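See below for the structure under consideration.
Source: prediction; values computed, not measured. For reference, positions follow the sequence shown, starting with 1.
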Amino acid sequence: MCVICYYHPCYSTLDLPATHRFPIKKYRLLFEAIKTLDDSNHFQFQLPTPATSQQLLLCHSSEYVTQFLTGELDSKAIRKMGFPWSKELVERTCLSVGASINAAQIALKYGFSLQLSGGYHHAFTDFGSGFCIFNDLAIAAAHCIELGLVERVLIFDCDVHQGDGTAQISQQQSNIISCSIHCEQNFPAKKQQSDLDFALNKGCTDDEYLSTVQQALTLATRLYQPDLILYNAGADIFAQDELGYLNISLEGVYQRDLAVIGFCQAQSIPLACAIGGGYMRDINQLVNVHLQLFKAALQYHK
């Protein structure tokens, strides 16, 4: 059985300053690593369709969308989102958001899908933050709801940082459920209120973390009965992540991704996955952490 994955080469072609903190090269390297891992071609790669301005407006203000697309953001807003503005950034952003929309719809059709970017959970209704410009998973959820494909969508966020933008957007859209498992002592300093928050202490290890993931997923699905789950599989829970603060082993990352995929399959809930955050100067090691999601996917979808 083939699994559809969305990827575009422009994910890694953004021209950033040499000292920029965002590991932009990881997407191309991850794509190459997956192709090496998947010698039987279980993953079918497709190019995403760029998100339209109408889709962006499902979760973002008209003023913010227009200013970003046309290059009219002020310097403060640009600093807050974390990227220098360029036409290439606009193209990359719209394609990445579009990939999450595509992945959500494919998951509803076939039960499972992956995309090699996304998880931009620090994007609020009217501003970007923390390398997140538009909230791709919230937009994908709102798009599927607007089309009448689903009634309720759960965004299950396992990035180490709280999905504060997702929480703020979901407060305004009752059919989008936000569940965040994150490190309490990490960015953002000011947390928002998700529908469900599971705040873990700095240094949390595998057993506590994996137990929390299982409890959170069980509780969220029991309380809200989602028709679709959008999973932010952040790599920054890994012990060696430079912005993470948790103490999760590589095996722990793999077991988390395996647990989420297995749970959704057992419950027959469609699942679309985004790779989320990860910040390591050793980019090959970072790619290996992200690769755990695809190794886990192969266990259930061969």
For residues 140-155, pull every pair meeting salt bridge (charged side-chain N to carboxylate O under 4.0 Å, His left out), keeping only residues two or more places apart or in separate chains.
->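 Residue pairs with at least one partner in residues 140-155: there are none.
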If you define the side chain from C-beta out and look only at heavy atoms, does anything of [X] sit under 4.5 Å from [Y]?
{"X": "L56", "Y": "F68", "answer": "no"}
{"X": "L89", "Y": "P84", "answer": "no"}
{"X": "Q46", "Y": "N102", "answer": "no"}
{"X": "F294", "Y": "L116", "answer": "yes"}
{"X": "V97", "Y": "Q55", "answer": "no"}

Backbone N/O of [Y] and side chain of [X]: donor-acceptor pair under 3.5 Å:
{"X": "D164", "Y": "K191", "answer": "no"}
{"X": "R256", "Y": "C158", "answer": "yes"}
{"X": "D241", "Y": "F238", "answer": "no"}
{"X": "Q168", "Y": "T125", "answer": "yes"}
{"X": "E32", "Y": "L29", "answer": "no"}
{"X": "N186", "Y": "H161", "answer": "no"}

Using the rule that Ile, Leu, Val, Met, Phe, Trp and Tyr join whenever any side-chain heavy atoms are under 4.5 Å apart, tell me whether [X] and [Y] fall into a single cluster.
{"X": "Y7", "Y": "V289", "answer": "yes"}
{"X": "I177", "Y": "V260", "answer": "yes"}
{"X": "L147", "Y": "I139", "answer": "no"}
{"X": "L58", "Y": "I176", "answer": "no"}
{"X": "Y64", "Y": "I78", "answer": "yes"}

Over 12 foreign heavy atoms within 6.0 Å of [atom1], [X]:
{"X": "D15", "atom1": "CG", "value": "no"}
{"X": "Q193", "atom1": "CD", "value": "no"}
{"X": "E63", "atom1": "CD", "value": "no"}
{"X": "F22", "atom1": "CZ", "value": "yes"}

Do the rings of Y27 and Y11 sit parallel, tilted or perpendicular, given the 30° and 60° boundaries?
->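 Aromatic pair Y27/Y11 classed perpendicular.
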So which of V153, I155, L149 actually passes side chain to side chain contact (heavy atoms under 4.5 Å, CB included) with L228?
->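 Per the side chain to side chain contact (heavy atoms under 4.5 Å, CB included) rule, the option paired with L228 is V153, out of V153, I155, L149.
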Is the ring centre of Y300 less than 6.0 Å from the ring centre of F112?
->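 Not close enough - the centres of the two rings lie 6.0 Å or further apart.
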Report yes if the distance between the aromatic ring centroids of F187 and H122 is under 6.0 Å, otherwise no.
->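 Yes, ring centres under 6.0 Å apart.
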Would you call K87 and E91 a salt bridge, using N to O less than 4.0 angstrom?
->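 Result for this pair is no, no salt bridge flagged.
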Sequence-distant partners of A216, side chain to side chain contact (heavy atoms under 4.5 Å, CB included), two or more places apart =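 Partners of A216 by the side chain to side chain contact (heavy atoms under 4.5 Å, CB included) criterion, ordered by chain and then number, come out as F156, C179, I181, F198.
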